[in-house]
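Accompanying notes for the structure given below.
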Amino acid sequence: MRPPWRGRYPRSVTFPVVGMVGGGQLARMTHEAGIPLGIRFKLLSDTPQDSAAQVVSDVVIGDYRDLDTLRAFARGCDVITFDHEHVPTEHLRALEADGIPVRPGPDALVHAQDKGVMRARLDAIGVPCPRHRIVSDPADVVAFAEEGDGFPVVLKTVRGGYDGKGVWVVDSAEEAEDPFRAGVPVLAEEKVDYVRELAANVVRSPHGQAVAYPVVESQQVNGVCDTVIAPAPDLDPALALEAEEMALTIAKELGVVGHLAVELFQTRDGRILVNELAMRPHNSGHWSMDGAITSQFANHVRAVLDLPLGDPRPRAPWTVMVNVLGGDYPDMYSAYLHCMARDPQLKIHMYGKDVKPGRKVGHVNTYGDDLDDVLERARHAAGYLRGTITE
């Protein structure tokens with residue numbers, strides 16, 4: 001006999017309600033992944049113009065930093081999840097005390113919210129990281145540099161940074177003054193000599209089932225992800241396996257439920273070191289929307305609802321994602337005719353955002369048997385949409 005779903009809605013409705021905090025493109029694409037399953041979404045968004053607020057039918061406009069707003073939003077939801085890590089930890093604990101499942105929970109999410117907490121925990125479970133410690137002032141930065149190989153040193157505010165924000169590469173005590181003006185603790189790290197950045201994406205459910213996607217290469221431009229290649233080309237299989245196992249270990253030890261992205265450095269001497277963690281769908285996993293049997297978004301939905309996870313294997317030998325950034329050419333729709341006619345296999349994903357220079361407004365995915373061809377197709381499409389390529 002099929003067990004009844006113990007939901008918070010009329011008995012005639014049998015599908016759960018997922019409460020998504022944050023109205024950005026990650027929420028938009030997570031909602032899209034839930035539609036075929038009949039999953040109902042409720043969104044807490046900053047404004048009605050936010051990316052996900054344009055497509056989700058049940059939208060609450062409010063401030064995620066206000067506990068009363070969060071509590072009111074959570075009523076009618078069967079589980080709460082996020083498209084960013086900025087909800088105060090104490091508010092998430094309050095929701096759990098109210099009996100609302102929060103996934104990932106506050107004990108896990110704090111490791112993506114606070115880089116100092118993250119580094120300390122990864123050290124404790126034996127995960128390799130760059131040399132680091134919390135520093136108190138510019139003189140302490142100098143001392144940290146002298147403890148290693150000297151300057152340059154990477155400084156990060158422990159909370160609030162993303163896409164290169166909240167990160168400084170400094171060469172002197174004078175250059176180290178800016179990070180301390182933010183009024184939050186500052187983490188100093190060695191500047192890693194790396195050959196490329198990788199990402200290991202995994203998904204874990206409440207009962208402990210977990211799946212790992214192929215390790216990808218993530219190429220950055222000015223601190224922002226530009227291109228993702230799946231799988232990472234020319235990556236030693238033993239190192240790829242090490243990265244996948246490392247990500248699965250982190251997910252288990254930290255109690256992550258949902259999607260976890262582990263951003264990695266591949267060093268010149270053949271090691272991998274953890275750079276950052278993200279406990280939500282991630283830019284390095286967007287390729288999976290068209291290149292994997294089950295996308296990161298679909299598996300995140302399955303995980304937070306404790307459904308069996310889907311197959312993460314790739315559909316083609318190579319998939320490439322390139323972000324579409326805003327430029328001086330706001331009419332991207334008129335570029336569809338060229339892009340779609342030139343490459344019928346191209347997949348375009350736009351986020352409903354106003355086009356502003358440097359802003360992520362969408363991405364494209366291409367796939368196939370020849371990496372050079374797949375790369376060229378993706379970069380041409382993204383460039384044409386932006387207006388930097390005109391033929």
Side-chain angles (χ1 to χ4, degrees), residues 122 125-130 154 189-204 210-221 223-253 256 259-279 281-296 299 309-323 347 363-379 382:
L122 294 185
I125 63 176
V127 172
C129 298
V154 178
E189 296 182 350
E190 67 172 311
K191 189 172 187 301
V192 176
D193 184 20
Y194 63 91
V195 294
R196 60 177 169 176
E197 294 186 57
L198 305 172
N201 291 280
V202 299
V203 183
R204 183 174 179 271
V211 296
Y213 289 88
V215 177
V216 301
E217 178 177 334
S218 178
Q219 299 176 358
Q220 316 294 312
V221 176
V224 178
C225 179
D226 178 82
T227 301
V228 171
I229 305 173
D234 302 318
L235 181 62
D236 184 282
L239 204 60
L241 180 60
E242 180 184 342
E244 290 178 10
E245 291 179 341
M246 183 187 298
L248 290 168
T249 296
I250 293 170
K252 179 180 179 181
E253 292 293 330
V256 176
H259 185 271
L260 169 69
V262 180
E263 298 179 63
L264 302 161
F265 294 124
Q266 182 182 354
T267 67
R268 293 191 186 279
D269 58 3
R271 297 174 296 144
I272 50 174
L273 304 175
V274 172
N275 180 21
E276 303 277 2
L277 301 180
M279 295 181 191
H282 190 257
N283 207 163
S284 65
H286 288 359
W287 70 272
S288 66
M289 296 177 73
D290 305 297
I293 294 172
T294 311
S295 76
Q296 64 165 347
N299 262 335
L309 301 180
D311 192 334
R313 288 179 298 169
R315 295 179 181 270
W318 299 105
T319 302
V320 170
M321 184 231 58
V322 177
N323 278 318
K347 304 297 183 181
H363 72 268
V364 297
N365 285 334
T366 56
Y367 51 88
D369 298 330
D370 182 89
L371 177 56
D372 290 338
D373 173 68
V374 174
L375 267 169
E376 190 279 331
R377 288 161 48 208
R379 286 173 173 162

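Sequential numbering from 1 along the given sequence is applied to the chain's residues. Keep in mind that the numbers below use all heavy atoms, side chains included, and drop hydrogens, waters and symmetry copies.
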I would like to know whether E244 and V215 meet side-chain contact (heavy atoms from CB on, under 4.5 Å); could you show each step before the answer? CA-CA 7 Å; E244 290 178 10; V215 177; 3.7 Å; yes
Heavy-atom closest contact ([X] atom, [Y] atom, distance):
X: P317; Y: P231; result: O-CD, 3.3 Å
X: V202; Y: A247; result: CG1-CB, 3.7 Å
X: S284; Y: V228; result: O-CG1, 3.7 Å
X: V364; Y: A378; result: CG2-O, 3.5 Å
X: V211; Y: P312; result: CB-CG, 3.9 Å
X: R268; Y: Y194; result: NH2-O, 3.8 Å

Over 12 non-hydrogen atoms of neighbours within 6.0 angstrom of CG in D234: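 Atom CG in D234 is not packed in, count stays at 12 or less.
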Looking at [atom1] of [X] and [atom2] of [Y], how far apart are the two atoms once the value is rounded to the nearest 0.5 Å?
X: L375; Y: T366; atom1: CG; atom2: OG1; value: 7.0 Å
X: E197; Y: Q219; atom1: CD; atom2: CD; value: 10.0 Å
X: C129; Y: E276; atom1: SG; atom2: CD; value: 10.5 Å
X: R377; Y: N365; atom1: CZ; atom2: CG; value: 10.5 Å
X: H363; Y: C225; atom1: NE2; atom2: SG; value: 10.5 Å
X: S218; Y: R196; atom1: OG; atom2: CZ; value: 11.5 Å

If you apply the rule side-chain contact (heavy atoms from CB on, under 4.5 Å), what do you find for L277 with V262, and how did you get there? CA-CA 5 Å; L277 301 180; V262 180; 3.8 Å; yes
Look only at the side chain of S288 and the backbone of A292, and say whether a donor-acceptor pair between them is shorter than 3.5 Å.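 Side chain of S288 to backbone of A292, a donor-acceptor pair under 3.5 Å: no, none is there.
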Given 3.5 Å as the limit, does a donor-acceptor pair link the side chain of R204 with the main chain of V256, or not?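 Answer holds: yes.
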Any [X] side-chain heavy atom under 4.5 Å of [Y] side chain:
X: T267; Y: L273; result: yes
X: V127; Y: M246; result: yes
X: P233; Y: L371; result: yes

If we count only N and O atoms by modelled type, under 3.5 Å, do the side chains of [X] and [Y] hold a donor and an acceptor together?
X: N299; Y: Y213; answer: yes
X: H259; Y: N201; answer: yes
X: T319; Y: D290; answer: no

Run the side-chain hydrogen bond (donor to acceptor under 3.5 Å, both in side chains) test against D226 and tell me which residues pass, sequence neighbours left out.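 None.
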Chi angles and distances behind the side-chain contact (heavy atoms from CB on, under 4.5 Å) call for V216, M321: CA-CA 11 Å; V216 301; M321 184 231 58; over 6 Å; no
